[in-house]
Amino acid sequence: MGIAQREVSVAGTLCRLMSAGLVGLSLGVAPAAAATGDIPVTANAGMGTGDIGTSDSAPAGARATGGIDGAGNAAVPLTTPLPPAAAAPAASTSVPRAAAPASVASPVRGGIDSAGDGPAPASVQTPAAAQIIPAQAAPVSPAQPAPAQAATPTPAPQPVVAANPLAPVSEAIAALLATPESITPSKKEQEALATFYGARQTMPVFVTDTGLDARGKAVIARLDAAGEDGLDPADYQVPLPKKGATAGDLARTELKIAVAAMTYARHAQSGRFDPGRISSLVTPVRDIPDATATLTKIAYAPDANAALAAFNPPHPGYKALKAQLAKANGSAPTIPAIPTGPQVKPGASDPRMPTLRARLGIAGKPGDDLVYDPALVEAVKAFQEASKIKPTGIIGPATLAALNVGATSSSGSLRNDVIANMERWRWLPRDLGEKFVMVNIPEFMVRIYQDGRVIHETRVVVGKPATPTPLLTREMQYIVVNPAWNIPPSIARNEMMPLLRSDPSALARRGIQVVRNGSGGYSFRQDPGERNALGRIKFMFPNDHSVYLHDTPSKALFQNDRRAYSHGCVRVYEPLKFGEVIFNAGLPGGNWTEQRISKMFGGSERYINLKQRFPVHIVYFNAFVDGAGRLVMREDLYGINAATKTYLGLDGKQRIADSATPKTAPRAR
């Protein structure tokens, strides 16, 4: 058959199909095919429908081959009834697709179709005007197959979501947090629980739906071991859930563990009571941990036990006392008291020697242990040196007093003294400073630290028990050379006025001026000079107590072992050597020397501001470990150690109420 005849045949076939209503006008005739002679039945109209074609060799009346169109939909079979030719819009060039009934929303297709059109919104329904009206075609002959029905896609099965086994516990936690006072009376802890568990949508941290989880067990283990750090495990007890516990029981355990952890962290880091209750002169700077931050740290730390233990002081002095406590725990160690008596010199015989040997751990010769022999003399010298007493080997009142500090009495054992001193380490900032000055009152010593090591130390004179030196942390800011002394009102009232009444010229001889002020009272001022009570230099760290470190004209007092003579300030031995270190720390690069500082002595007051400031910590440790690893006990000069033990209940008595003040507390000036 020629090409022209084939074109006529194709045209005739299309006409017969159109007359029968089986092909609409939207099906255009494709251009002539290549040499193969295959002619498509339809051509894509550019709307992304990707209609499926058929070969002219297909048997008459056969269905078009099904497939997937460009939009991912099943192709409409050619046997689907189409509108008659008169009903089709003249401008239409595409095959209308079978639509769902008007009451059914059209599904949204994912993404962009092959023509670049976006999917219709899910809420848009197929308009009635867009529905395809079946053509009034001639009945289909029995020989023809019945028109195919459009396949209805089967909905994909929805995933089955398993119920959260912790949901009942979470709901019970939410119910308990509605009345948080049933969990803890502390308002701050109530707020922390609400904030922390609110952020977690009340999901638990320490329990599962059956009992404690690994994190809960780690926290309980640390609470049970609180005694290692001198804390009382009874303060953090949590009733553990029994087998078969309800969701409500587990929720209560969860919150009780959270409260116990917050309490432990606060006690470990900042102490178990407010130090200011001992005295108005006990004013340290404590780092009190934030309760919400505490729970967050424990909840997300790799090791909850270690995270909780880390709230204890990181300072070497604290850790050294903790090691001493480990030795003392369970053994109830005691220190024998050595009776007072006359001075004992090497070689003498004295009935107190067996007790002294027991105190220092030196064995004597059988039947001759009353002699103060060379081995015991060397042990006494070592003790004197460690106690900052002249190592003469002679046992006098000062040595006996030092030996008897911490001796067992009705006030408790050495173990309790160690715990009380560990407690006072919690009163200090966690970061003492890269550079800092520390004055230890019972030791009568001041040290300057840099990068964790002592770079200078010297003796000091501290306040008398009647006028104690305060405990504080403040910043060294400036130095005054040739200071004048503006005498505090308390000293003026208690000392200057009585002296003035007894001898009107006494103050003038000391260079003290009496100035009548506008209110009718008097003020007292001592000009700079050799007789000035502050000496030639003072080191200033402004504070509410008006105390500072300074020189003194009373040099002889530094030779005494018990150096408590001042009105509260701290007098420094060899202030030029001390000043050289302070100047170079606060004014680096200045190459300060004793000679350079001394050249400023004489004349009027001179202020030198430090470019780099650093903390000054005035502390009270009468139990500490020296450089040789030995535990040293010193006199409880102001009764602060006894008061600490009373507040902690270490003296066998019930803990003092928060509002109470021990009788042993030092008086405020």
Side-chain angles (χ1 to χ4, degrees), residues 230 269-287 312-322 324 387-388 405-406 417-433 435-450 452-454 456-463 465 468-476 539 541 543-545 547-549 563-564 566 568-572 578 614-627 631-645 647-648 665-666:
Q269 182 163 310
S270 56
R272 285 170 274 183
F273 65 91
D274 180 2
R277 296 191 181 110
I278 292 178
S279 166
S280 60
L281 296 179
V282 181
T283 57
V285 176
R286 298 184 296 157
D287 287 336
N312 288 288
H315 314 309
Y318 172 86
K319 294 179 179 179
L321 284 177
K322 180 179 177 179
Q324 293 292 326
S387 300
K388 309 302 179 184
V405 169
D417 289 320
V418 171
I419 291 175
N421 279 268
M422 290 173 68
E423 183 76 7
R424 290 195 291 278
W425 274 105
R426 308 181 199 279
W427 300 353
L428 289 172
R430 292 182 71 80
D431 183 3
L432 298 178
K435 304 173 186 175
F436 64 89
V437 176
M438 181 173 284
V439 177
N440 187 15
I441 295 170
E443 194 183 2
F444 309 109
M445 292 291 293
V446 61
R447 295 178 177 87
I448 303 175
Y449 290 80
Q450 183 168 336
R453 62 185 183 87
V454 177
H456 183 78
E457 66 175 27
T458 190
R459 286 170 278 174
V460 295
V461 170
V462 300
T469 298
L471 278 63
L472 55 80
T473 289
R474 294 296 185 272
E475 195 173 59
M476 181 80 76
F539 306 90
F541 41 99
N543 57 84
D544 295 337
H545 306 287
V547 300
Y548 29 84
L549 291 155
R563 298 184 290 275
S566 81
C569 286
V570 179
R571 305 175 189 174
V572 183
F578 181 82
F614 42 86
V616 176
H617 309 288
I618 300 182
V619 300
Y620 194 96
F621 297 121
N622 70 315
F624 55 91
V625 178
D626 65 11
L631 179 65
V632 178
M633 294 295 303
R634 302 304 295 265
E635 178 187 357
D636 186 9
L637 191 63
Y638 302 154
I640 290 177
N641 193 64
T644 304
K645 291 191 291 185
Y647 268 100
L648 296 179

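Inter-residue side-chain proximity for F578 and V460 is flagged as unmet; no heavy-atom pair is nearer than 4.5 Å. In this structure, the side chains of F539 and V437 stay at 4.5 Å or more apart for every pair of heavy atoms. Side chains of M633 and N641 form no contact here, defined as non-hydrogen atoms less than 4.5 Å apart. Put simply, the side chain of V570 does not reach to within 4.5 Å of the side chain of V446, judged on heavy atoms. Side chains of T473 and W427 form no contact here, defined as non-hydrogen atoms less than 4.5 Å apart. When side chains are defined from C-beta on, Y548 does not count as touching N543, because their heavy atoms never get closer than 4.5 Å. Two residues are said to be in side-chain contact when any heavy atoms from C-beta on lie closer than 4.5 Å; N312 and R426 meet this criterion. Inter-residue side-chain proximity for V619 and W425 is flagged as unmet; no heavy-atom pair is nearer than 4.5 Å.
The shortest heavy-atom contact between K645 and A420 is CG-CB, 3.6 Å. Shown here for D287 and P429, the closest heavy-atom pair between the two residues is OD2-CA, 3.5 Å. When all heavy atoms of H617 and F436 are compared, the closest pair comes out as CD2-CD1, 3.7 Å. In plain terms, the two heavy atoms of I278 and A643 that are nearest each other are CG2-CB, 4.0 Å. Across F621 and N440, no two heavy atoms sit closer than the pair N-OD1, 2.9 Å. Here the shortest heavy-atom pairing between R634 and P442 reads CB-O, 3.8 Å.
Proximity of a side-chain donor or acceptor of R447 to a complementary backbone N or O of E457 within less than 3.5 Å is not detected. Checked by atom type and distance alone, the side chain of Y620 pairs as donor or acceptor with a backbone atom of L637 at under 3.5 Å. One N or O on the side chain of Y638 and one on the backbone of T469 form a donor-acceptor pair closer than 3.5 Å. The backbone N or O of A623 sits less than 3.5 Å from a side-chain atom of N421, completing a donor-acceptor pair. Looking only at distances, no side-chain donor or acceptor of T283 sits under 3.5 Å from a matching main-chain atom of L472. In this structure, the side chain of R286 engages the main chain of S270 through a donor-acceptor pair within 3.5 Å.
Between atom OG of residue S279 and atom CG of residue L471 there is a gap of 9.0 Å, rounded to the nearest 0.5 Å. The CG atom of L549 sits 4.5 Å away from the CZ atom of F541 when rounded to the nearest 0.5 Å. Separation of atoms OG1 (T644) and CE (M422) is listed at 13.5 Å; rounding is to 0.5 Å. In this structure, CD1 on I419 lies 12.5 Å from NZ on K322, to the nearest 0.5 angstrom. One finds the CD atom of E443 at 3.5 Å from the CZ atom of F624 (value rounded to the nearest 0.5 Å). Here I448 contributes atom CD1 and M438 contributes atom CE; the two are 12.5 Å apart, rounded to the nearest 0.5 Å.
Of the N and O atoms on the side chains of N622 and R424, at least one donor lies less than 3.5 Å from an acceptor on the other residue.
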Open item on the list: Quick one, V461 with R563, criterion side-chain contact (heavy atoms from CB on, under 4.5 Å). Give me CA distance, side-chain angles, the key distance, then yes/no.
Closed with: CA-CA 5 Å; V461 170; R563 298 184 290 275; 4.1 Å; yes
